[in-house]
Number of protein chains: 2
Amino acid sequence: MPKATVERLPLYLQCLQAMGDVESTVSSEELANTAGVNSANVRKDLSYLGSHGVRGVGYNRLELCTQLRRALGLIEKWSVVIVGVGNLGSALAKYRGFDASGFNVVGLYDADPAKLGHPVDGHYVKSMDDLELDIKEHDVSMAILTTPAAAAQSVADLLIEAGIRSILNFAPSLLKVPDEINCRQVDLATELQILSYYQAAGRA
Amino acid sequence: MPKATVERLPLYLQCLQAMGDVESTVSSEELANTAGVNSANVRKDLSYLGSHGVRGVGYNRLELCTQLRRALGLIEKWSVVIVGVGNLGSALAKYRGFDASGFNVVGLYDADPAKLGHPVDGHYVKSMDDLELDIKEHDVSMAILTTPAAAAQSVADLLIEAGIRSILNFAPSLLKVPDEINCRQVDLATELQILSYYQAAGRA
DNA sequence: AGCTGTGAACATATTCACAGCC
DNA sequence: GGCTGTGAATATGTTCACAGCT
């Protein structure tokens with residue numbers, strides 16, 4: 001499945017869910033409009049999931065949601081740890097959107113002893129020393145990294161060593177990871193800088 | 001300038017800054033390695049800024065930083081408002097990375113009267129009613145949207161009406177905006193879902 | 001010798017346009 | 001009639017490979 005397609009699947013899922021229970025069937029044109037995508041693109045993307053549309057009618061909304069969730073691996077419930085309980089880390093710990101889409105935050109970790117034991121959204125912040133055992137014990141395969149940039153790489157190494165296979169990195173620091181580890185970088189300042197570019201010259 | 005290039009410029013800037021003051025000259029190969037990009041790609045990207053490299057030598061690091069900042073419109077200091085002072089909104093208000101790259105958070109706004117007047121990182125949360133005047137008065141052209149999904153579109157409309165030209169949207173809701181408005185969507189759950197896809201089938 | 005800048009080749013992604021089916 | 005699924009056409013992005021400069 002093309003990378004570009006994979007990155008749009010969550011969007012489709014979101015759009016379908018936002019439609020509410022009113023529509024039982026959806027056309028590629030409708031979905032394309034709400035997702036801001038070309039309808040042929042939608043059809044091609046969905047065709048990678050197998051042909052579940054009906055010509056002359058459209059796609060069954062609920063069935064399509066299920067197909068999308070299956071394709072994205074959201075049938076299983078993933079356990080996630082958050083490492084770095086600063087402003088962003090604790091905000092993410094409290095963020096309800098993760099649970100809603102099949103992710104379960106099972107632990108928060110921080111290197112700062114002053115933070116240990118503090119409660120954040122029902123979790124007590126634990127020491128980095130607990131990370132490895134917890135990851136293995138709870139079969140955690142994803143981590144959200146919200147440490148300062150300077151610590152990010154060494155924490156990532158530690159996580160990978162402990163068996164983590166996917167990392168969502170919010171630290172403004174590019175991680176070097178082995179090929180078999182999935183890593184996505186979300187950089188807030190970068191996003192603003194891109195907006196700045198387009199705005200600076202009126203190039204909207 | 002190609003969209004793909006624009007989205008890499010902030011990365012180059014970050015890498016150059018992370019190198020510290022040790023290196024005064026950088027080759028496309030070095031930059032490519034730290035940025036995780038092909039070196040020909042780096043050279044092509046940088047060539048859009050004009051030819052500032054020296055054959056046989058490389059690029060002057062500080063000069064290149066300046067060129068990048070100029071291209072990204074980071075010479076001017078942009079004023080930004082944050083609308084929606086929930087967990088994420090207040091975390092972003094406290095995030096130092098914005099200031100560091102030329103953005104200045106000038107105000108926080110929330111629709112919830114219970115939050116009004118509360119201090120967050122030196123700012124007192126203001127009412128939505130103050131938005132329009134503040135935006136005009138302080139010549140604010142960028143907004144960070146951290147409201148619940150349900151409110152996002154109407155807040156966006158209000159912002160645009162008030163003169164905002166770029167929106168960074170964290171609400172999990174796709175905004176309909178006029179062509180001349182720059183809008184970027186950052187969806188945290190989406191990012192995890194993409195990781196989930198690659199992890200689910202061991203397709204790293 | 002070493003590195004940039006760039007045309008040409010390749011790869012990926014999007015869109016068009018229409019045959020095929022309900 | 002209306003909508004899907006998809007080959008063919010186009011557009012965008014990346015990489016190669018090397019001429020050209022210092």
Side-chain angles (χ1 to χ4, degrees), chain A residues 1-12 15-16 19 23-68 71 174 179 185 190 194 197-198 203, chain B residues 1-12 15-16 19 23-68 71 174 179 185 190 194 197-198 203:
Chain A
M1 179 133 50
K3 196 160 75 73
T5 295
V6 174
E7 305 199 342
R8 272 188 302 266
L9 297 186
L11 172 62
Y12 298 148
C15 290
L16 290 171
M19 281 175 189
E23 320 231 25
S24 76
T25 200
V26 192
S27 72
S28 62
E29 189 71 34
E30 281 179 84
L31 185 49
N33 284 338
T34 50
V37 171
N38 178 294
S39 69
N41 208 340
V42 170
R43 291 197 297 279
K44 193 155 279 190
D45 286 342
L46 296 184
S47 77
Y48 289 105
L49 310 179
S51 295
H52 299 286
V54 181
R55 291 168 199 237
V57 180
Y59 302 86
N60 179 289
R61 194 179 62 86
L62 286 176
E63 193 189 316
L64 190 50
C65 283
T66 306
Q67 298 300 338
L68 285 166
L174 218 62
D179 285 351
Q185 180 75 25
T190 292
I194 295 168
Y197 169 86
Y198 289 107
R203 300 156 292 202
Chain B
M1 177 135 48
K3 195 160 75 72
T5 295
V6 174
E7 305 199 342
R8 272 187 302 264
L9 297 186
L11 173 61
Y12 297 149
C15 291
L16 290 172
M19 280 174 189
E23 321 230 26
S24 76
T25 199
V26 193
S27 71
S28 61
E29 190 71 34
E30 281 178 85
L31 184 49
N33 284 338
T34 51
V37 170
N38 179 293
S39 70
N41 208 340
V42 169
R43 291 199 296 279
K44 194 154 278 191
D45 285 342
L46 296 184
S47 77
Y48 289 105
L49 310 179
S51 295
H52 300 285
V54 180
R55 289 167 200 238
V57 178
Y59 302 86
N60 178 288
R61 193 178 63 86
L62 286 176
E63 193 190 315
L64 190 51
C65 284
T66 307
Q67 299 299 338
L68 284 166
L174 218 62
D179 285 352
Q185 179 76 25
T190 293
I194 295 169
Y197 169 86
Y198 288 107
R203 301 156 290 204

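No experiment lies behind these values; they were computed from the predicted model shown. Proteins get letters first, then strands, A, B, ... in listed order; numbering begins at 1 in each.
Residue B:Asn41 has a polar side-chain atom (N or O) positioned under 4.0 Å from OP1 or OP2 of D:dT15. For B:Tyr59 and C:dG5, the shortest distance from a side-chain N or O to OP1 or OP2 is below 4.0 Å. Contact annotation: B:Ser28 reaches the phosphate of C:dT4 (side-chain N/O to OP1 or OP2, under 4.0 Å). Between D:dT14 and B:Arg8, a contact under 4.0 Å exists linking OP1 or OP2 to a side-chain N or O. Not one side-chain nitrogen or oxygen of A:Ser27 sits closer than 4.0 Å to the OP1 or OP2 atom of D:dC3.
Distance check, rounded to the nearest 0.5 Å: CG of A:Leu16 to CZ of A:Arg61 gives 7.0 Å. Between atom CG of residue A:Asn60 and atom OG of residue A:Ser24 there is a gap of 6.5 Å, rounded to the nearest 0.5 Å. Here CE of B:Met19 is found 6.5 Å from SG of B:Cys15. Values are rounded to the nearest 0.5 Å. Expressed to the nearest 0.5 Å, how far CD of B:Glu7 lies from CG of B:Asp45 amounts to 11.0 Å.
Rounded to whole Å, the distance from CG on A:Leu46 to P on D:dT6 is 12 Å. Distance NZ (A:Lys3) to P (C:dT14): 10 Å, rounded to an integer number of Å. B:Leu49 places its CG atom 15 Å from the C1' atom of C:dT6, with the value rounded to the nearest Å. The distance from atom CD of A:Glu29 to atom C1' of D:dG5 is 15 Å, rounded to the nearest whole Å. Atom CG of A:Asn60 is separated from atom P of D:dT4 by 13 Å (rounded to the nearest Å). Nucleotide C:dT12 holds its P atom 14 Å from the CG atom of B:Asn38, rounded to whole Å. Atom pair B:Leu31:CG and C:dG2:P shows a separation of 20 Å (rounding to whole Å applied). Between the CG atom of A:Asp45 and the P atom of C:dT14 there is a distance of 7 Å, given to the nearest Å.
For the pair A:Val54 and A:Arg43, both in contact range of DNA chain C, the more 5′-proximal nearest nucleotide belongs to A:Arg43.
When heavy atoms are screened at a 4.0 angstrom cut-off, B:Ala4 is found touching the sugar-phosphate backbone but no base atom.
A:Arg55 contributes a side-chain N or O that forms a donor-acceptor pair with the base of D:dT4 under 3.5 Å.
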Could you walk me through whether A:Thr5 and A:Arg8 pass side-chain contact (heavy atoms from CB on, under 4.5 Å), step by step? CA-CA 5 Å; A:Thr5 295; A:Arg8 272 188 302 266; 3.9 Å; yes
